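Take a look at the structure below.
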Amino acid sequence: MKIAVIGTGYVGLVSGTCFAETGNHVTCVDIDVNKVEKLKNGKITIYEPGLEVLFERNIRQGRLEFTTDLKEGIKDAKIIFLALPTPPGEDGSADLKYVLKVADDLGPILEDYTVVVDKSTVPVGTADKVHAAIAKNAKVDFDVVSNPEFLREGVAVEDFMKPDRVVIGAASERAKKVMEKLYGPFVRQGNPIIFMDVKSAELTKYAANSFLATKITFMNEIANMCELLGADVDMVRKGVGTDTRIGKRFLFAGIGYGGSCFPKDVQALAKSASEVNYDFKILKSVMDVNQTQKEKMIDPLKAYFNNDLSGKTIAIWGLAFKPYTDDIREAPALENITKLLSMGAKVKAYDPEAMENVEGVFGDKIYFAKDEYDALDGADALMIMTEWPVFRTPEFDKLESLMNNKIIFDGRNLYELSQMEELGFTYYSVGRATVKS
């Protein structure tokens, strides 16, 4: 089947590559000339484990192509995916200008019946707006379908190739049959394709991400209670997570969530609620708590240095919002670095993948280390912001020799308290007792 994917960001590039992997001919369209040239030349433009192998294979075998020409890109396509940015506006609502601009452009150039698919995360009612924008100038029949993505950065290829479920909002049987044929190879293990009305599909993505964000935030609130009561959040997590009604995922305490989805989607759902005069109190609390949680390690750090960080060198391990990605959107590390710099501290940072992106934010205001140990050289304290595996089993004797103080502020609870006590480190974590040397 011939497919067009409009937008070569994270969702568009993963989707296009994975659709090509199942034998479809995919053309990805983007207005960014430099990006398209890189992609045409076989240079992948995002970091996602496992994607590069599929990307190179499908380019080599002629199933994956790239262009800046919308008319050329959609020619003969049976399905057109809109995988375009929907950034939050100042009021928190999703900005649909990119989606609706492409919809306007599609109307006069559609040549035969086409299924146009909203793949971007969009508010309820967007499909109607897209349909209206296309219909103004369309001379052929078409359907607009909602097909939200549920990809986790770091394991997106696996999520796409073996999805838990595929959600499709479609109003016509014709569109349903086209989408069912497309997704058939991905659900051979029996995982469901769930067909529903378009508005329900649009809401499903926001509901799923907002629920997961709420789960994370609830556990962080429990962690904060644990610190006050002398309980251990890891024990509470295990006791709660083994309840099958709750499940053990998304229960790890830490310094809050970030990334491209949770912050934006929670904000957008809260805004959608306000537009229908519904006061979504839980989501407001989730946003407030998460914002506070991101800087949770700053107060104990200040207290350790008698509220004077001027001239202190702080090592930061981890800059991406989560491991296995170079995505720094809404990453807690960025806010912590900004805070540290404002207090006169010097920052030495290391991340396996995200340093180039962070350099675009801070420039030469911070030192970008060659590796995790280079970041520690001469540091007065270590702060851990992202749970990359490389940080889980460091050479602690090397930490001791490089740092001025044996002090770790761990925002991701990477180490056992007993281990830190035995090694003689002062160790602050989230929702657990502080270890003091």
Side-chain angles (χ1 to χ4, degrees), residues 10-11 85-89 91-95 120-124 148-156 159 163-165 167 200-226 233 236-237 240-241 243 245-275 278-297 318 320-325 327-336 385-387 411-413 430-431:
Y10 185 84
V11 172
T86 54
D91 62 355
S93 60
D95 188 342
S120 308
T121 302
V122 293
V124 174
E149 54 84 17
F150 298 97
L151 305 179
R152 296 168 296 161
E153 293 188 42
V155 287
D159 283 350
D164 289 336
R165 78 292 198 200
V167 172
S200 294
E202 290 172 329
L203 184 56
T204 294
K205 174 61 184 291
Y206 282 117
N209 277 356
S210 295
F211 183 81
L212 294 174
T214 302
K215 197 173 179 183
I216 293 168
T217 305
F218 178 82
M219 207 60 198
N220 283 334
E221 289 275 70
I222 293 295
N224 296 338
M225 285 285 291
C226 285
V233 72
V236 177
R237 170 178 58 79
V240 169
D243 187 326
R245 297 169 300 174
I246 296 171
K248 59 188 177 182
R249 297 173 65 185
F250 292 89
L251 291 180
F252 287 87
I255 49 172
Y257 59 79
S260 60
C261 292
F262 287 3
K264 177 171 69 73
D265 291 355
V266 171
Q267 197 175 26
L269 184 55
K271 174 61 178 173
S272 293
S274 71
E275 289 173 352
Y278 182 71
D279 185 9
F280 213 140
K281 297 183 179 69
I282 289 177
L283 291 191
K284 291 178 181 178
S285 296
V286 167
M287 290 186 283
D288 289 344
V289 170
N290 191 64
Q291 189 56 43
T292 302
Q293 195 75 13
K294 285 185 175 183
E295 296 183 3
K296 182 174 177 59
M297 288 295 155
F321 86 93
K322 63 180 284 189
Y324 302 109
T325 183
D327 194 340
I328 61 169
R329 286 173 286 186
E330 302 283 346
L334 302 190
E335 296 184 36
N336 280 270
M385 300 280 106
T386 314
E387 62 274 31
R412 297 301 179 189
N413 289 6
V430 181

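Quantities reported herein were computed from a predicted structural model and do not represent experimental measurements.
- Here the shortest heavy-atom pairing between Thr204 and Val167 reads CG2-CG2, 4.4 Å.
- Looking at heavy atoms from C-beta onward, Asn209 lies out of side-chain contact with Lys264 at the 4.5 angstrom threshold.
- Looking at Glu387 and Lys322, no side-chain N of the basic residue comes within less than 4.0 Å of a carboxylate O on the acidic one, giving no salt bridge.
- For the pair Arg165 and Phe150, the distance from NZ or CZ to the six-membered ring centre is under 6.0 Å and the angle to the ring normal is within 45 degrees.
- In this structure the side chain of Arg412 never reaches within 4.5 angstrom of the side chain of Met385, judged on heavy atoms.
- Minimum heavy-atom separation, Gly258 to Pro263: O-CD, 3.5 Å.
- Using modelled atom types, no side-chain atom of Asp95 and backbone atom of Thr86 make a donor-acceptor pair closer than 3.5 Å.
- Looking at Ser274 and Phe280, their side chains never come closer than 4.5 Å, going by heavy atoms from C-beta outward.
- Side-chain contact between Leu212 and Tyr257: absent, with no pair of heavy atoms (C-beta onward) separated by less than 4.5 Å.
- Between the side chains of Lys296 and Asn220, no donor-acceptor pair of N or O atoms lies under 3.5 Å.
- Remark: the Ser260 side chain and the Glu153 side chain contain an N/O donor-acceptor pair separated by less than 3.5 Å.
- The CD1 atom of Ile282 lies 11.0 Å from the OG1 atom of Thr217; values are rounded to the nearest 0.5 Å.
- With hydrogens and angles disregarded, a donor-acceptor distance shorter than 3.5 Å links the side chain of Asn336 to the backbone of Pro332.
- Side-chain contact between Val240 and Lys248 is absent, with no heavy atoms from C-beta onward closer than 4.5 Å.
- By the 4.0 Å N-to-carboxylate-O rule, Glu330 lies close enough to Lys294 to be salt-bridged with it.
- Between the side chain of Asp327 and the main chain of Phe321, no donor-acceptor pair closer than 3.5 Å is present.
- Donor-acceptor pairing under 3.5 Å is recorded for the side chains of Gln291 and Glu335.
- Looking at heavy atoms from C-beta onward, Thr121 lies in side-chain contact with Asp265 at the 4.5 angstrom threshold.
- The closest side-chain heavy-atom distance from Lys205 to Val122 is not below 4.5 Å.
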